[in-house]
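Shown next, in structure tokens, is the structure this report addresses.
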Amino acid sequence: MSESHSNARADDNGTLIAARDLTVRFGRQKVLRNITLEVPRGQTLAIIGESGCGKTVLLKSLIGLVRPTGGHVAYDGQQIDTLNDKELTALRTRYGFVFQNAALFDSLTIADNVAFPLREHRRIGQEEAYHQVRDALAMVGLPASVMVKRPAELSGGMRKRVGLARAIIMEPEILLYDEPTTGLDPIMSDVINELIIRTREQAEVTSIVVTHDMTSALKLADRIVMLYPLARLGQEQSQIIFDGTTDEIERCKDKRVAQFLRGEAGERLQEMRDSHESSRMHTALQDR
Ligand SMILES: Nc1ncnc2c1ncn2[C@@H]1O[C@H](COP(=O)(O)OP(=O)(O)OP(=O)(O)O)[C@@H](O)[C@H]1O
């Protein structure tokens, strides 16, 4: 494991996002604990980890969509929790978020879905909007003919691409992807991976990709950060159990990291058996 945080593609462009001791809890459940993480401009960072460990919560916290209960996040030097509504709205135009399930409006056409951020944040005429939507769709490999369709008429892969078109239409400086390949076949997953790479190269954006698809992470990322569920950690242990390059993760000796890379259940199976056994015994005792 590498100790140097932004070690991969170390550049002089400065830090875009800096989280310090970021902690998030929902009621009694603590999801993130003292996460300190810097994302330099231009980097493609993959955040990996098992289901429920807090990847999406971290992604959303980095741009102010989830409020931390402790610590803070600075975006381009500005502490997010001190921003007023106007500043938060301005921040929203600087990032594009590709949601896990594409999150399109079912009742709107594809054109209106993709144009949504333009209409919300920019004064723009019908014709200009049309051209921009058509160009954004072309960038993700979709023909102009899909503009009149509704989301339900498209395949899952096409909907993901529409979600990406909507995220890039504002030409954001950072793109955040939440599980961009989940639910897609390997070929369509690779199409999405290639689009992410192409978008990054054409627009020189910073990218953060949350995924449990290791093929994706290894293909896309300059740097990989692995989160671990708090419930499995001791009080003093860091929740970031790996931070380094794709080469480094493949050589990583940490058993938890290696098991995740190989897709092995490890002691998780035993834990599930134990929990099944204890609930069976609990029921048996109650039935007496
Ligand atoms: N708004 C919320 N209110 C309450 N609990 C939440 C909220 N958002 C997330 N959680 C909880 O936080 C934990 C982490 O969720 P998160 O979605 O970040 O996990 P994840 O690592 O992205 O998982 P997956 O890979 O399955 O998407 C989960 O237990 C989830 O139920």
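Counting convention: from 1, in listed order, for ligands and their atoms alike.
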Would you call the rings of F97 and F99 parallel, tilted or perpendicular if under 30° counts as parallel and over 60° as perpendicular? tilted

Using the salt bridge (charged side-chain N to carboxylate O under 4.0 Å, His left out) rule, take D112 and R119 through it: C-alpha gap first, then chi angles, then the decisive distance, then the call. CA-CA 9 Å; D112 286 339; R119 301 227 163 88; 3.2 Å; yes

Would you name the heavy atoms of L62 and A19 that are closest together and state the gap between them?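 It is CD2-CB, 4.0 Å.
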
L88 to I80 - nearest heavy-atom pair and separation: CD2-CG2, 4.2 Å

E50: heavy atom below 4.0 Å from ligand 1, yes or no? yes

Any G49 heavy atom less than 4.0 Å to ligand 1: no

Could you list which atoms of ligand 1 come closer than 4.0 Å to a heavy atom of H212?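 Checking each atom against H212, I get 25 (O).
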
Could you list the atoms of ligand 1 found under 4.0 angstrom from a heavy atom of G52? 13 (C), 14 (C), 19 (O), 20 (P), 21 (O), 23 (O), 24 (P), 26 (O)

Start with the C-alpha distance between D178 and K55, add both sets of side-chain angles, then the distance that settles salt bridge (charged side-chain N to carboxylate O under 4.0 Å, His left out), and finish with yes or no. CA-CA 9 Å; D178 193 4; K55 303 180 294 296; over 6 Å; no

Evaluate E38 against R20 for salt bridge (charged side-chain N to carboxylate O under 4.0 Å, His left out), listing each step before the verdict. CA-CA 9 Å; E38 288 190 4; R20 288 265 168 275; 2.6 Å; yes

Among E179, Q100, K55, which one has a heavy atom closest to atom 21 (O) of ligand 1?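 The option holding the nearest heavy atom is K55.
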
Counting heavy atoms only, which of L230, V24, T182, V31 is nearest atom 12 (O) of ligand 1?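 Nearest option to atom 12 (O) of ligand 1, by heavy atoms: V31.
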
Is the charged tip of R256 near the ring of Y228: under 6.0 Å from the six-membered ring centre and within 45° of its axis? yes

Would you mind checking which non-hydrogen protein atom is closest to [atom], with the distance to 0.1 Å?
{"atom": "atom 1 (N) of ligand 1", "result": "F26 CE2, 3.6 Å"}
{"atom": "atom 24 (P) of ligand 1", "result": "S51 OG, 3.6 Å"}
{"atom": "atom 29 (O) of ligand 1", "result": "Q29 NE2, 2.9 Å"}

Would you call D81 and R67 a salt bridge, taking side-chain N to carboxylate O under 4.0 Å as the test?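 Answer for the salt bridge query: no.
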
Compute the shortest N/O to N/O distance between G54 and ligand 1 and return yes if it is under 3.5 Å, no if not. yes

Decide whether an N or O pair under 3.5 Å exists between V57 and ligand 1. yes

Heavy-atom contacts under 4.0 Å between T56 and ligand 1: side chain, backbone, both, or neither? both

